[in-house]
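Residues: numbered from 1 along the sequence shown. Side chains included, hydrogens not; waters and symmetry mates left out as well; all remaining heavy atoms used. Here the structure is a predicted model, which is why all the values come from computation and not from measurement.
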Amino acid sequence: MNVLVIGSGGREHALVWALSRSPRIKKIYCCPGNPGIAALAETLPIAPTDIPALVRGAEELSIDLTVVGPEAPLVLGIVDAFQEKGLRIFGPTAAASLLEGSKVFAKMLMRRYGIPTAQFWTFSDPLKAKAFVRKAHRPLVVKADGLAAGKGAIVAMTPEEGERAVGMLMEERIFGESGAQVVIEEFLEGEEVSFFALSDGRTVLPLLAVRDHKRLLDGDRGPNTGGMGAYAPVPFVDGALSERMMREVVVPTVEAMNKEGRPFTGVLYAGLMLTEDGPKVLEFNVRFGDPEAQVLLPLLQTDLLDLCEAVVDGQLDRLSVVWKPGAAACVVMASRGYPDHVETGSIIEGLEGEQPPGVLIFHAGTGWKEGRLVATGGRVLNVVGLGENLQEAVERAYQGVGRIRFEGMQYRKDIGSIAFMGSNASMESPGSLGHGVVEPTGLSDRRPDEPDKPALVGIVLGSDSDAPVMEETARMLEKFGIPYEVTIASAHRSPRRALAYAEEAAARGLKVLIAAAGGAAHLPGVLASSTPLPVIGVPMEATPLGGLDSLLSMVQMPGGVPVAVVSIGKAGARNAALLAARILGTTDVEIRRRVEAYMAELAAEIASKRV
């Protein structure tokens, strides 16, 4: 087989290393790769986000399977582009990748489906966000909505820190348009872990929990980074806790994505806080973590190629995962100035010759300059130690670090120290926590408290930025006991998806469509022209005109394309749900009774007021 790996960092070096051990692989290519990867694969100078060039390259090289490392190409739709050409690729579609691509979408999904997470609020106006944190008087976390290379979460212990965080993300735009919206959530206390699982959309197969070290400095001080080190297995995550994380977080999330029309295939990475109330989701990622992959993959005994193919082919239920005994620890060596103003170009020394037993080096940000290996990025090298237990793994990792030199290098000296503080520090292998061979969990094996009901209402968002407003629609539908689904389909950016959704809606059992759109607001009309179902349009405030442009656009649909238009913004979102309930109530007695009860409540509320 010919296999292509997309990416250029330490995670991708670990993926190439793991795949190179498969006897079924003839040749590995990597785009664009790095000097360390070049020792195992043929590297090609194609950027991970140059999707058309990657498609052409995969076709020309007769690639049998592509494995995507970083998140950016996934969010941009590399899987969709490859699949359109009949090319096999490991990873989620653009629609499913929104789980990482938008914090707002992920938090709304968790709220709708009861997946445990921190209480949160969303803002698209920096002044309103600052006013909120000013009055909060408690620790908060401010997060950029979009991708931010793992650095988009800022912990604010005081109102002043919160206002600064909002200013950096929303006004200074330190992460670009990713900060156009923010999620502000309660600060959770507990132990943080990264939990990984594979999914083919029908079956979920748990991997290991990994402990990451996000902060730059020892003692978990300093700014957030992409990750300064990791270790696995995690002593305080036993078999029972792993099962709970699968039962309460991972499996419900994959099921929720199926219900949303976004089946998830690939690796789901749940960043969790283990609180007194149980595990709560901090964030979702839709790919292997970096540096988590660098400790997870060396412990994997099962052929990684077999697992990737099973995901792509929908046959994950036929496989189990076998882990090697022992532990792994990774220390990230970074350039001076990381994660802010990175200094590059330093000559790297100490990688010559054989590494000590139990030491692996994965290149993250390296390149060649005048025949010398130099640092080219913020995170430069990942030094991994393998041992019979965690203490031995950590010692070997730092033994490897001690051999390497480059000007301005920085690294944490306390990786794994938390694990040594408790009584579980003597844990010796994944198997001792009940991992070893782990059987897959079928989605159908879960037994929810109530049987799933097919959706009657389809909520279609022209953009994920519409989600905070349309949450009002979801709340009202829940009040009336009406099952619904939510999808994102733009009339301009994804017209084929919008048309396909409308054309298939009636056959799937939907009875009413509610479309939110701003600006030109063509989405409701596109849907109405392609379905016999009633379509309700909700105008959004997407331009300086305050939603008047979208309102006027919706009410001027041509003859034969009826769209029922409600008021602008949240009031319209609530009325859209009420109108949908009234439509459904014409044939469903129970829904009609709930609507009548709601109207009676409103009348009683007005009657109770005194002038």
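Side chain of Arg372 to backbone of Lys369: no donor-acceptor contact under 3.5 angstrom is found. Between the side chain of Gln399 and the main chain of Glu395, no donor-acceptor pair closer than 3.5 Å is present. Side-chain atoms of Ser178 come within 3.5 Å of backbone N or O of Leu147 as a donor-acceptor pair. At distances below 3.5 Å, at least one donor-acceptor pair connects side-chain atoms of Asp80 with backbone N or O atoms of Ala94. With Arg403 contributing its side chain and Gly400 its backbone, the two residues share no donor-acceptor pair below 3.5 Å. Between the side chain of Arg379 and the main chain of Asp290, a donor-acceptor pair closer than 3.5 Å is present. Checked by atom type and distance alone, the side chain of Arg262 never pairs as donor or acceptor with a backbone atom of Leu98 at under 3.5 Å. Proximity of a side-chain donor or acceptor of Asp145 to a complementary backbone N or O of Val182 within less than 3.5 Å is not detected. Although no hydrogens or angles enter the test, the distance criterion places no donor-acceptor pair under 3.5 Å between the side chain of Asp303 and the main chain of Ser22. In terms of modelled atom types and a separation under 3.5 Å, the side chain of Thr265 and the main chain of Asp200 share no donor-acceptor contact.
Across all their heavy atoms, Ser335 and Phe406 have their closest contact at CA-CE1, 4.3 Å. Phe284 and Ala270 make their closest contact through CE2-CB, 3.9 Å (heavy atoms, listed as atom of the first residue, atom of the second, distance). Of all the heavy atoms in Phe196 and Gly289, the pair that sits closest is CE2-N, 3.3 Å. Contact between Ile28 and Val16 at its shortest, heavy atoms only, is CD1-O, 3.9 Å. Contact between Pro339 and Leu216 at its shortest, heavy atoms only, is CD-CD2, 4.1 Å. Residues Gly229 and Ile415 share a closest heavy-atom pair of CA-CD1, 3.8 Å.
Applying the side-chain hydrogen bond (donor to acceptor under 3.5 Å, both in side chains) definition to pairs two or more places apart or across chains, none involves residues 2-15.
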(message) If you apply the rule side-chain contact (heavy atoms from CB on, under 4.5 Å), what do you find for Met110 with Val281, and how did you get there?
(response) CA-CA 9 Å; Met110 287 185 271; Val281 178; 3.5 Å; yes
(request) Check step by step if salt bridge (Lys or Arg N to Asp or Glu O under 4.0 Å) holds for Asp306 and Arg24. (result) CA-CA 9 Å; Asp306 290 345; Arg24 297 196 294 118; 2.7 Å; yes
(request) Let me see the working for Thr376 and Val374 under side-chain contact (heavy atoms from CB on, under 4.5 Å), right down to the final yes or no. (result) CA-CA 6 Å; Thr376 59; Val374 298; 4.1 Å; yes
(message) The test is salt bridge (Lys or Arg N to Asp or Glu O under 4.0 Å); show your working for Lys130 and Glu163 and say whether it passes.
(response) CA-CA 5 Å; Lys130 285 183 176 182; Glu163 287 194 65; 5.3 Å; no
(message) Evaluate Asn285 against Glu71 for side-chain contact (heavy atoms from CB on, under 4.5 Å), listing each step before the verdict.
(response) CA-CA 8 Å; Asn285 296 302; Glu71 61 275 14; over 6 Å; no
(message) I'd like to know whether Ile78 forms a side-chain contact (heavy atoms from CB on, under 4.5 Å) with Val68, so could you lay out the CA-CA distance, the side-chain angles of the two residues, the decisive distance to 0.1 Å, and finally the verdict.
(response) CA-CA 9 Å; Ile78 187 172; Val68 185; 4.1 Å; yes
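Asp220 pairs with exactly one of Lys214, Arg215, Arg412 by the salt bridge (charged side-chain N to carboxylate O under 4.0 Å, His left out) rule, that one being Arg412.
In this structure, Trp121 and Val183 have side chains that are not in contact, with every pair of non-hydrogen atoms separated by 4.5 Å or more. You'll find the side chain of Val67 reaches within 4.5 Å of the side chain of Leu65, heavy atoms only. Taking 4.5 Å as the limit, some side-chain heavy atom of Val401 sits within range of a side-chain heavy atom of Tyr411. Counting only heavy atoms from C-beta outward, the side chains of Val3 and Thr66 never approach each other to under 4.5 Å. Taking the side chain as every heavy atom from C-beta outward, Ile361 and Leu351 approach each other to under 4.5 Å. Counting heavy atoms from C-beta on, the side chains of Val331 and Tyr398 come closer than 4.5 Å. Leu19 has its side chain within reach of Ile25: a pair of non-hydrogen atoms, C-beta onward, lies under 4.5 Å apart. With a 4.5 Å cut-off on side-chain heavy atoms, Phe362 and Val383 do not count as touching.
Note that the NZ atom of Lys280 and the CD1 atom of Ile115 stand 14.0 Å from one another [nearest 0.5 Å]. From Leu381, atom CG reaches atom CG of Leu373 across 7.0 Å, with rounding to the nearest 0.5 Å. Arg336 contributes atom CZ, which lies 5.0 Å from atom CD of Glu343 (distance to the nearest 0.5 angstrom). The CG atom of Leu4 lies 7.5 Å from the CG atom of Leu44; values are rounded to the nearest 0.5 Å. Atoms CG and OG1, on Leu99 and Thr253 in that order, are 7.0 Å from each other to the nearest 0.5 Å. Taking CG from Leu274 and CD from Glu189, the interatomic distance works out to 13.5 Å, rounded to the nearest 0.5 Å.
Salt bridge status for Glu349 with Arg405: present, with a side-chain N to carboxylate O gap under 4.0 Å. Under a 4.0 Å N-O distance rule, the pair Arg396/Glu392 qualifies as a salt bridge. Under 4.0 Å is where a charged nitrogen must lie from a carboxylate oxygen, and between Glu177 and Arg173 at least one such pair does.
For Arg88, the side-chain hydrogen bond (donor to acceptor under 3.5 Å, both in side chains) criterion is met by Glu309, Asp313, not counting sequence neighbours.
A parallel orientation is assigned to the rings of Phe288 and Phe90, their planes being inclined by less than 30° (bins at 30° and 60°).
In this structure, a donor-acceptor pair under 3.5 Å is present between the side chains of Lys107 and Thr117. In this structure, a donor-acceptor pair under 3.5 Å is present between the side chains of Glu292 and Ser194.
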